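For reference, the structure is listed below as structure tokens.
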Amino acid sequence: MPEGHTIHRLARDLNRDLKGKCVSASSPQGRFHAGAKTIDSQQCRGFEAFGKHLVGHFGDVDVLHVHLGLIGKFRPTSGDPIGAVRLRLTGPDEERNWDLRGPMVCTVGPPDLAESVADSVGPDPLRRSGKSADFIDAMSRRRIAVGAALLDQKVVAGIGNVYRAELLFLAGISPTTPANQLSSDDVMQIWDLASAQLRQGVKLNRIVTVDPTEVGSTTVRAIPRGDRLYVYKREGDPCRRCATPIAMSEVGGRKLWHCPTCQ
DNA sequence: TCTTTATGGTGAG
DNA sequence: TCACCCTAAAGAT
């Protein structure tokens, strides 16, 4: 489930378990022997997220870079490794492991690796350094559809296919509007919504964009699966606000859902 | 139980 | 534009 919120949450959880601790690292699957050996038995100095990129600091000079891609998982487990575990990290609690499977990227490099990862993406609304001005500037330079621009990690870091659809619904913007033709109010609204929604995603460890009162719940946590989103994967279902059937199209090479009336 | 699909991104052609 | 990476939940049977 990797959009930006997942990675920021992962960094937080990994820090709670491993930051400041001596960590053992291994590659049960075998494809990351050298990298695991490099960070093995070193002190974990902390993890941080840049959009969908996870960066871990070990010892004085070693940097771990992980990108989960579409199918990667990095989860706490116990017992023998199951399946192809690329990297296993274990802290002082030897019964608890963090197992990485199916990542798109898993490398270890020198200190400037962290910098190059940070520089490879645009502003991240979940980081203090993520500035709305950079987002506004990037949007003004794109003639492509806003629905495509929001998937470009150079424009804004951390938004994926679920959030782009949901944010555009919340903002009431048609996905095919050229990014550089949006009003400055619309662009700022998208940024603020992204910031708030991703932050909630980190807190809940899941994507919930609907207002609980609109689906008969009292809290966001009580919303049943299937009622948590406004448009994503709801083709043909009635819009939660106007009952117009949700439409599906392809924008930026990926499926995008929207309400033709509300947007 | 098997098949399909996916919240991502790269690199070849 | 498409194959690929190669997990795992959801859907089909």
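The structure displayed is predicted, hence computed values, not measured ones.
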**Asked** Within the pair Lys52(A) and dG9(B), is there a side-chain N or O less than 4.0 Å away from OP1 or OP2?
**Response** yes

**Request:** Keeping the roles fixed (side chain from Arg240(A), backbone from Leu229(A)), state whether a donor-acceptor pair exists under 3.5 Å.
**Result:** yes

**Request:** Send over the distance from Leu150(A) CG to dG8(B) P, rounded to a whole Å.
**Result:** 12 Å

**Complete:** Whole-Å distance, Glu166(A) CD to dT7(B) C1', equals 11 Å

**Donor-acceptor contact below 3.5 Å, side chain Ser27(A) vs main chain Phe32(A)** = yes

**Asked** Touch check for Ile207(A), heavy atoms < 4.0 angstrom, all strands: base, sugar-phosphate only, or nothing?
**Response** base

**Asked** Hey, are His53(A) and Gln153(A) close enough side-chain-wise for a donor-acceptor pair under 3.5 Å?
**Response** no

**Message:** How many whole angstroms separate atom NZ of Lys255(A) from atom P of dT5(B)?
**Reply:** 7 Å

**Message:** Classify Arg225(A) by what it touches in the nucleic acid, base, sugar-phosphate, or nothing, heavy-atom distance under 4.0 Å.
**Reply:** sugar-phosphate

**Prompt:** Do you know which of Ile7(A), Leu10(A), Leu100(A) makes side-chain contact (heavy atoms from CB on, under 4.5 Å) with Val66(A)?
**Reply:** Leu100(A)

**Message:** For Arg75(A) and Asp99(A): C-alpha separation, side-chain torsions, deciding distance, then whether salt bridge (charged side-chain N to carboxylate O under 4.0 Å, His left out) applies.
**Reply:** CA-CA 5 Å; Arg75(A) 295 173 166 171; Asp99(A) 283 354; over 6 Å; no

**Item:** Side-chain donor-acceptor pair present, Asp211(A), Thr213(A), cut-off under 3.5 Å
**Value:** yes

**Message:** Under 4.0 Å, counting only non-hydrogen atoms across every strand here, what does Arg164(A) touch: a base, just sugar-phosphate, or nothing?
**Reply:** nothing

**Asked** Want to settle it: does Gln153(A) or Ile71(A) sit nearer the 5' end of DNA chain B, counting the closest nucleotide to each?
**Response** Ile71(A)

**Prompt:** What interatomic distance, in whole Å, is found between P of dA3(C) and the corresponding atom of dT5(B)?
**Reply:** 15 Å

**Prompt:** Just how far, in rounded Å, is C1' of dA8(C) from CZ of Phe74(A)?
**Reply:** 18 Å

**Prompt:** Considering only dG9(B), dA9(C), dT7(B), which nucleotide approaches the side chain of His5(A) most closely?
**Reply:** dT7(B)

For nucleotides 11-13 of chain B, give me every protein contact, N/O to N/O, under 3.5 Å, one pair per line with atom names.
none

**Prompt:** Distance between the C1' atoms of dT1(C) and dT7(B), in whole angstroms?
**Reply:** 22 Å

**Asked** To the nearest Å, how far apart are Asp152(A) CG and dG8(B) C1'?
**Response** 13 Å

**Message:** With a 4.5 Å cut-off on side-chain heavy-atom distances among I, L, V, M, F, W and Y, is there a chain of contacts connecting Met104(A) to Val85(A)?
**Reply:** no

**Complete:** Side-chain contact check for Ala84(A): nearest option of dT7(C), dA8(C), dT7(B) is dT7(C)

**Asked** Rounded to whole angstrom units, what separation is found between the CG atom of Asn205(A) and the C1' atom of dT7(B)?
**Response** 13 Å

**Message:** For the C1' atoms, the ones on dA8(C) and on dT10(B), what distance do you get once it is rounded to whole angstrom?
**Reply:** 22 Å

**Prompt:** Separation of Met248(A) atom CE from dT7(B) atom P, in whole Å?
**Reply:** 11 Å

**Prompt:** So, is Arg254(A) close to the dT7(B) phosphate, meaning a side-chain N or O under 4.0 Å from OP1 or OP2?
**Reply:** yes

**Request:** Could you check whether Tyr163(A) gets within reach of a base, just the sugar-phosphate, or nothing at all, counting any heavy atom under 4.0 Å?
**Result:** nothing

**Request:** Taking the six-membered ring for Trp and the single ring otherwise, decide whether the centroids of His5(A) and Tyr163(A) are under 6.0 Å apart.
**Result:** yes

**Fill in**
Here the distance between atom P of dT7(B) and atom CZ of Arg206(A), to the nearest Å, is 19 Å

**Message:** Looking at dG8(B), I'd like to know if its phosphate oxygens (OP1 or OP2) sit under 4.0 Å from a side-chain N or O belonging to His67(A).
**Reply:** no

